[in-house]
2 protein chains.
Amino acid sequence: MKRVRLGLLGVGTVGRGVVDVLNRNGDEILRRTGYEVIVSAASARNLENASQFLGPAVKLHKDPLDVVKDENVDIVIELMGGITTARAVIEEAISAKKPVVTANKALIAEYGNDLFSRANAAGSIIAYEAAVAGGIPIIKSLREGLTANRIESVAGIVNGTTNFILSEMRDKGLSFEEALADAQRLGYAEADPTSDVEGLDAGQKLAIIASLAFGIRIQPERVHCEGITNLTESDLRAAEDFGYQVKLLAITKKRSNGFELRVHPTLVPAKCVIASVDGPMNAVLVNSDALGQTLYYGAGAGAEPTASAVIADIVDVIRLSNADKQAHVPHFAFQPDNLSDHPILDMGEVESSYYLRALVRDEPGVLSDISGILADYEVSIEAMRQRESDADTEGVDIVIFTHKTKESSINAALAKITELDAIYETPSRLRIELL
Amino acid sequence: MKRVRLGLLGVGTVGRGVVDVLNRNGDEILRRTGYEVIVSAASARNLENASQFLGPAVKLHKDPLDVVKDENVDIVIELMGGITTARAVIEEAISAKKPVVTANKALIAEYGNDLFSRANAAGSIIAYEAAVAGGIPIIKSLREGLTANRIESVAGIVNGTTNFILSEMRDKGLSFEEALADAQRLGYAEADPTSDVEGLDAGQKLAIIASLAFGIRIQPERVHCEGITNLTESDLRAAEDFGYQVKLLAITKKRSNGFELRVHPTLVPAKCVIASVDGPMNAVLVNSDALGQTLYYGAGAGAEPTASAVIADIVDVIRLSNADKQAHVPHFAFQPDNLSDHPILDMGEVESSYYLRALVRDEPGVLSDISGILADYEVSIEAMRQRESDADTEGVDIVIFTHKTKESSINAALAKITELDAIYETPSRLRIELL
């Protein structure tokens, strides 16, 4: 039996989850790996609380850098969150030739390119399964399980908060604000929910996923992020009436001239598997040429699901720590000297089918005006239906499903349609993915 | 760039899939791994056909053992199927210290215990991702992604043929025989469909899955297999009426006194993710203590999906071939000296909720007789409902949902119920999993 000693940076929710799972399942992990995994040193914001939780056997350091330098630490586990200190600590670990396991999605999204280069140069490993979709082994699947494939697209529900809110809105007929309040009460949403509900969290995860799928640099600044704050119950209901569910999807696609990178509420057919992913759960759907469609479903957050991913990474790192560099899976899934420099497409270049809903005056000529404008911008209509609008509003709902068209065309057409006299309010526009 | 040379045993559907994917995606695989992967030697039933397909650069051998011995072969790819020769060839490869990748589920189910022991003793690797659920990286996920977890249960749709048949029966109102004929016409079922429709194929896969989940020896002979041949449209419809879908599930659960290992048609709630897995697709649902529920969905068969798994294994093997044994993931997911010898439970010991449907004479006292017998055997009723039976039959349908009870109790009660005068035919009995 060998013993592997962890240096734990951060003893918050996830840090405690890791310690709890190691304590509870240490025997099972030993049965699997042949290694005893223990925490030998740690740092925390509140040293007293951490000391009470970790017990006297764990050496506590005020400065996280001292955990990295501690000679009784073999692997550095970065669970502090934040950017500046976490980055400095990981750089120090690379210099000290100690492998790093991190759950820090924001750090990897923003500085992963640089950190991976440094780790590659040093022959070291940064493992980050926990940074995307919590405990679901999606990074392992993309980097290793699908290695034979040319990946064509990935579409994921990678933010549990917004998926919970959307499920609540649909199931209970709540407004966004009401469902958000529920999510906050139940601990699924933070006091400041901006990063979740505006799609920024999903955007960071998408930037990492796209990098792994296509072998491109991580480019969070190039992700188009639209959140769910403007979604109305009327749109959710209309979508359902026509056989769709609305999900906040993080989508990346390979196109001949570049890559699409976008997060937005999306209509998906109610019959497809990802449409049945409800509540705070996550799922990632991958389309690839040999394997076809695969989907990975599970808890995208929470102390123990995240700990599950952190410990899986720890075991991988242990297995490979004495192997030569050839045995490492490349950080980006692709060889660092073989990344693609195809561009990320501007949002106007993105192609999609669209759902449009407009509340219009119930009078002759409106349909013909709208369809005329769409034709002017070469937007082809798949179906156009009238729908009873909500009882307390005047007018009728026109719902239009378009064929695939460019985002720039639909936006231009919509601007014209909004100017029509017969339109009561700015029409809704949602993208559709048939998946 | 390094070059890795494969010895391909079998140039049938899957073998050709592997060659096609390597030819088409060789550049992408090189981008990922830094290796060029080529087929250098092969054996096949029909050498002439194989030669035409593979071209002159591949050395063909009549005897598969000569492929293993070929000094230009680094890794042996066993895609012949069958047991006797495949086993001999893999044993030879182990002796020759050449890693093996195989898609041979029947061989691994029957002789995996022995082959893995030999490979462990020799420090060699047998990789077999393609043996279960085709291209879905479920073996990697169980062995590596979930390593921190105590796995509690696994329930999978691991046979695409039967899932396709069940979807057809439900969607088109076909009988089993009609749907089977469709499946055969479309190439989803073989001329002799016994292994699929009787649940034997799923049973072999389940034996492998359970071994990986719990660290037990592979015991296909201890799997209780019930197929779908006796399923009626009436039961599918009744299940749907009450909010369930019927799926052929391969289920393994850890209980305090042993493990359940069973394949049978199962009612699952229509709202859960696995219920939406239709057509020939596969999905495996894992319940584990830290991560909770995860699901892995994709194509469970077909040339290229299987090739995807075979090539992923090849890349793993390449990565680890120069690393020491410590870097290998154990064949069983657990250390070979640390397997559990907890028993597989007899089917009578299995606990489940049940759906019962009986066509009965429409007269007073019948319900009371049935519920009296269930009470005698301590089967507790959750719901009992009357349902219009099919137009062309006499009597009424009684549908009963029970609480969790032992299989032996329900069987004994059902034998008594069947003896009642008011019962027209042997009642249906299906197990329920809430998942």
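Scope of the values below: all heavy atoms of this structure, side chains included, with no hydrogens, waters or symmetry mates. Letters A, B, ... mirror the listed sequences (proteins, then strands); counts begin at 1.
Using modelled atom types, no side-chain atom of B/Thr252 and backbone atom of B/Val154 make a donor-acceptor pair closer than 3.5 Å. Remark: side-chain polar atoms of B/Glu129 are paired, donor with acceptor, to backbone N or O of B/Lys140 under 3.5 angstrom. Without hydrogens or angle criteria, A/Gln335 side chain to B/Arg32 main chain gives a donor-acceptor distance under 3.5 Å.
For the set A/Thr33, A/Val286, A/Asp289, the entry with the most heavy-atom pairs within less than 4.5 Å of chain B is A/Asp289. Of the listed residues (A/Ser321, A/Pro305, A/Ser141), the one with the most heavy-atom contacts under 4.5 Å to chain B is A/Pro305. Of all the listed residues (A/Glu28, A/Met281, A/Arg150, A/Glu144), the one sharing the greatest number of non-hydrogen pairs under 4.5 Å with chain B is A/Arg150. Options B/Val315, B/Asn149, B/Leu320 differ in how many heavy-atom pairs under 4.5 Å they form with chain A, and the most are formed by B/Asn149. The candidate from A/Ala323, A/Ser308, A/Gly26 with the greatest count of non-hydrogen atom pairs under 4.5 Å with chain B is A/Ser308. Contact count against chain B (heavy-atom pairs under 4.5 Å) is highest for A/Asn25 among A/Ile311, A/Asn25, A/Leu22, A/Thr294. The most heavy-atom pairs under 4.5 Å with chain A, out of B/Arg24, B/Arg319, B/Lys271, come from B/Arg319. Ranked by heavy-atom pairs under 4.5 Å with chain A, the list B/Gly292, B/Ala148, B/Gly298 is led by B/Ala148. Interface check for chain B: of the options A/Ser276, A/Ala327, A/Ala275, the most heavy-atom pairs under 4.5 Å are formed by A/Ala327.
Of the two parts of B/Ser340, the backbone and the side chain both hold a non-hydrogen atom closer than 4.5 Å to a non-hydrogen atom of chain A. When heavy atoms are compared at a cutoff of 4.5 Å, A/Val21 approaches chain B solely by way of its side chain, counted from C-beta outward. Heavy atoms closer than 4.5 Å to chain B are found nowhere in A/Ile314, neither backbone nor side chain. Neither the backbone nor the side chain of B/Val18 comes within contact range of chain A; no heavy atom of the residue lies under 4.5 Å from a heavy atom of that chain. Looking at A/Leu212, only its backbone comes within 4.5 Å of chain B, counting heavy atoms on both sides. Looking at B/Ile274, neither its backbone nor its side chain comes within 4.5 Å of chain A, counting heavy atoms on both sides. Contacts between A/Val329 and chain B at a heavy-atom distance below 4.5 Å involve backbone atoms as well as side-chain atoms.
A salt bridge is defined here as a Lys NZ or Arg NE, NH1 or NH2 lying under 4.0 Å from an Asp or Glu carboxylate O, and B/Asp278 with B/Lys247 meets this definition. Ion pairing of B/Glu36 with B/Arg5 is absent here, as no side-chain N (NZ or NE/NH1/NH2) approaches a carboxylate O to less than 4.0 Å. Between B/Arg217 and B/Asp341, none of the side-chain N atoms (NZ, or NE/NH1/NH2) sits under 4.0 Å from a carboxylate O, so this pair counts as no salt bridge. No salt bridge links B/Asp74 with B/Lys2; every basic N to acidic carboxylate O contact stays at or beyond 4.0 Å. Salt bridge absent: A/Arg255 and A/Glu152 never bring a charged side-chain N and a carboxylate O closer than 4.0 Å.
A distance of 6.0 Å or more separates the ring centres of A/Phe332 and A/Phe214.
Of the inter-residue distances, the one linking A/Ile151 atom CD1 with A/Leu146 atom CG reads 5.0 Å to the nearest 0.5 angstrom.
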